[in-house]
Amino acid sequence: MSDVSTAAPNPHLAQYEARGLKGRILSGVQPTGNLHLGNYLGAIRNFARLQDDYECLYCVVDQHAITVPQDPKLLAAQTREIASAFLAAGVDGKKQIIFNQSMVPAHAQLAWVFNCVARMGWMSRMTQFKEKAGKDRENVSLGLFAYPALMAADILIYKATHVPVGEDQKQHLELTRDIAIKFNNDFAAPDFFPVTEPLIFGEATRVMSLRDGTKKMSKSDPSDQSRINLTDDADAIAMKIRRAKTDPLPMPETVEDAEKRPDADNLLGIFAALADREKADVVREFAGQQFSAFKAALTEVAVAKLGPVGAEMQRLMKDPAHVDGILRDGAARARAIADPILADVYRTVGFLKP
Ligand code: TYM
C-alpha cells in the first residue's frame with residue numbers, strides 16, 4: 001500500500017491554487033440510517049469547515065448502500081436524510097455540489113474500469129470487508145467485495161485531490177491511491193489521476209461506542225444506546241450520556257492516563273471535539289473529578305452543539321421537494337465535471353468513441 005505520509009507533490013493542484021483554493025474535495029456518506037455523532041465529528045462537520053478553501057462535492061452514496069440489503073421503500077428517505085445532514089451542518093448547496101451517486105452514472109462506469117485495474121489481493125486485504133462479511137463470506141454480495149473500487153471511482157471521476165473522512169476509511173483511501181497509480185502506470189498516462197490526500201483531522205476521528213470504548217460507534221450496532229443519533233432530541237442525548245459506560249476510577253489526570261482507559265478517553269475526545277478544544281485542555285479541567293460532573297458538562301455541550309443540527313435536519317426532512325431539488329441540481333453539475341473525465345478514461349483505455 002502506498003504511504004500517505006510520503007506523498008509526492010501533486011501536479012493537479014496548480015489549477016485550484018490559481019483560483020485561491022487548496023484543491024477539489026469529494027467525500028461520501030452511505031444512506032443506511034442512524035446517522036450518528038461519529039459521522040458528524042469524523043466527517044460531516046468537517047465538510048462545512050473545508051468549503052471556503054476547496055471546491056467541494058459531497059455525495060450520498062446510495063449505490064454503496066445496496067451492497068447490503070436495503071428496504072427500497074426506505075432508501076429514498078434515507079438518501080434525503082443524509083443530504084439534509086450535509087445542509088444542516090452548514091454545507092452551502094448552491095456554492096458546493098450536494099448530490100446522490102446513482103444520479104451520476106459515470107461513477108459506476110469508472111468503477112468497472114477500476115474493477116479491472118485493482119488486484120484481488122488488494123481487495124482481499126480490506127479490513128472493512130473482512131469485518132462486514134464476518135464468517136459468512138460465501139453469502140455476501142459481490143458488490144460488498146468490489147465496494148472499495150467504486151469508492152475509488154467516486155473520488156477519481158472528479159480527479160479530487162483531497163478526501164475528508166473518519167479514521168476508518170484510511171485503508172480505502174490508500175487503495176484509491178494505489179488504483180490511481182496503477183492506472184497511470186498501466187496506460188502510460190503519468191499524472192492522469194491525482195494521488196489523493198486524505199483529510200483526517202479533529203479530536204474525534206474515531207468516535208467509539210458509548211457502551212464499549214473499544215468498539216467503533218456504528219450505524220449498524222443493534223443497541224441504540226451505543227450511539228448519539230443526529231436526530232436525537234435533548235432528552236435522548238442526556239439519557240445516552242448518563243448511561244454511557246465508564247470505569248470506577250475518578251476522571252483521568254493526564255492524556256496518557258486517559259489513553260489507557262478507552263471509555264473515558266472516548267468521552268473526553270467527544271467533549272473536546274464538540275467544544276472545539278484540545279483534549280489535553282479538557283483532561284486538565286476535569287482531572288480527578290467524578291464522572292457525573294463531567295457527564296453533566298458533556299450533556300450541556302452536546303445538546304448545545306447537536307440540537308440545532310438535529311432540528312434543522314428534521315425541518316429539511318419535512319420538505320422532500322426542496323431536498324430533491326438540491327440533489328438534482330447538484331447531480332447535473334457533478335455530471336458536467338464527471339462526463340468529460342469518463343470520456344478521457346474511455347479514450348485512454350482504447351474504447352471506441354460512441
Ligand atoms: P460511512 O457512510 O460509513 O461513514 C461516513 C463518514 O463518517 C465517518 N465515520 C466516523 N468517523 C469517526 N468515528 C466514527 N465512529 C465514524 N463512523 C463513520 C467515516 O469515516 C466517513 O467519513 N466508504 C464510506 C463512504 C464513501 C466515501 C466515498 C467516502 C463512499 N465513497 C468516497 C469518501 C469518499 C463509508 O462507508 O462511510
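Both ligands and their constituent atoms are indexed starting at 1 by order of listing.
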Checking a contact table here: which protein heavy atom is nearest atom 23 (N) of ligand 1, and how many Å away?
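For atom 23 (N) of ligand 1, the nearest protein heavy atom is Tyr147 OH, 2.6 Å.
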
Treating Asn266 as the side-chain partner and Pro262 as the backbone partner, does any N or O pair qualify as donor plus acceptor under 3.5 Å?
no

When the aromatic ring centroids of [X] and [Y] are compared, is their separation below 6.0 Å?
X: Phe99; Y: His107; answer: yes
X: Tyr147; Y: Phe129; answer: no
X: Phe294; Y: Phe271; answer: yes
X: Phe114; Y: Phe193; answer: yes

What atoms in ligand 1 come closer than 4.0 Å to a heavy atom of [X]?
X: Val29; result: 2 (O), 5 (C)
X: Val163; result: 33 (C), 34 (C)
X: Arg206; result: 12 (C), 13 (N)
X: Thr205; result: 11 (N), 12 (C), 13 (N)
X: Gly42; result: 11 (N), 12 (C)
X: Lys216; result: 15 (N)
X: Leu26; result: 32 (C), 34 (C)

Would Val117 end up clustered with Leu110 when hydrophobic side chains under 4.5 Å apart are linked, directly or stepwise?
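The answer is yes; both residues are in one hydrophobic cluster.
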
Could you see if Val349 belongs to whatever hydrophobic cluster contains Ile341? Use Ile, Leu, Val, Met, Phe, Trp, Tyr and a side-chain cutoff under 4.5 Å.
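Result: yes, single cluster for both.
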
When you look for heavy atoms under 4.0 Å from ligand 1, do you find them on the side chain of Val61, its backbone, both, or neither?
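The part of Val61 near ligand 1 is the side chain, not the backbone.
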
Can you check which of [options] brings a heavy atom nearest to [atom]?
atom: atom 25 (C) of ligand 1; options: Ala65, Pro198, Gly28, Ser27; value: Gly28
atom: atom 1 (P) of ligand 1; options: His64, Lys219, His107; value: Lys219
atom: atom 21 (C) of ligand 1; options: Gln169, His172, Met217; value: Gln169
atom: atom 20 (O) of ligand 1; options: Asp154, Asp168, Val165, Ile200; value: Asp168

If you measure from each heavy atom of Gln128 to ligand 1, is any distance below 4.0 Å?
no

Ignoring hydrogens and geometry beyond distance, is a side-chain donor-acceptor pair present between Gln78 and Gln30 at under 3.5 Å?
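No.
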
Spatial distance of atom OG (Ser220) from atom NZ (Lys132) [nearest 0.5 Å]:
7.0 Å

For Ala43, is at least one N or O under 3.5 Å away from an N or O on ligand 1?
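Checking ligand 1 against Ala43, no N or O pair falls under 3.5 Å apart.
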
Could you tell me whether some N/O pair between Glu167 and ligand 1 is separated by less than 3.5 angstrom?
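By distance alone, the answer is no.
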
Which residue, Arg333, Lys95, Lys159, Arg24, forms the salt bridge (charged side-chain N to carboxylate O under 4.0 Å, His left out) with Glu55?
Arg24

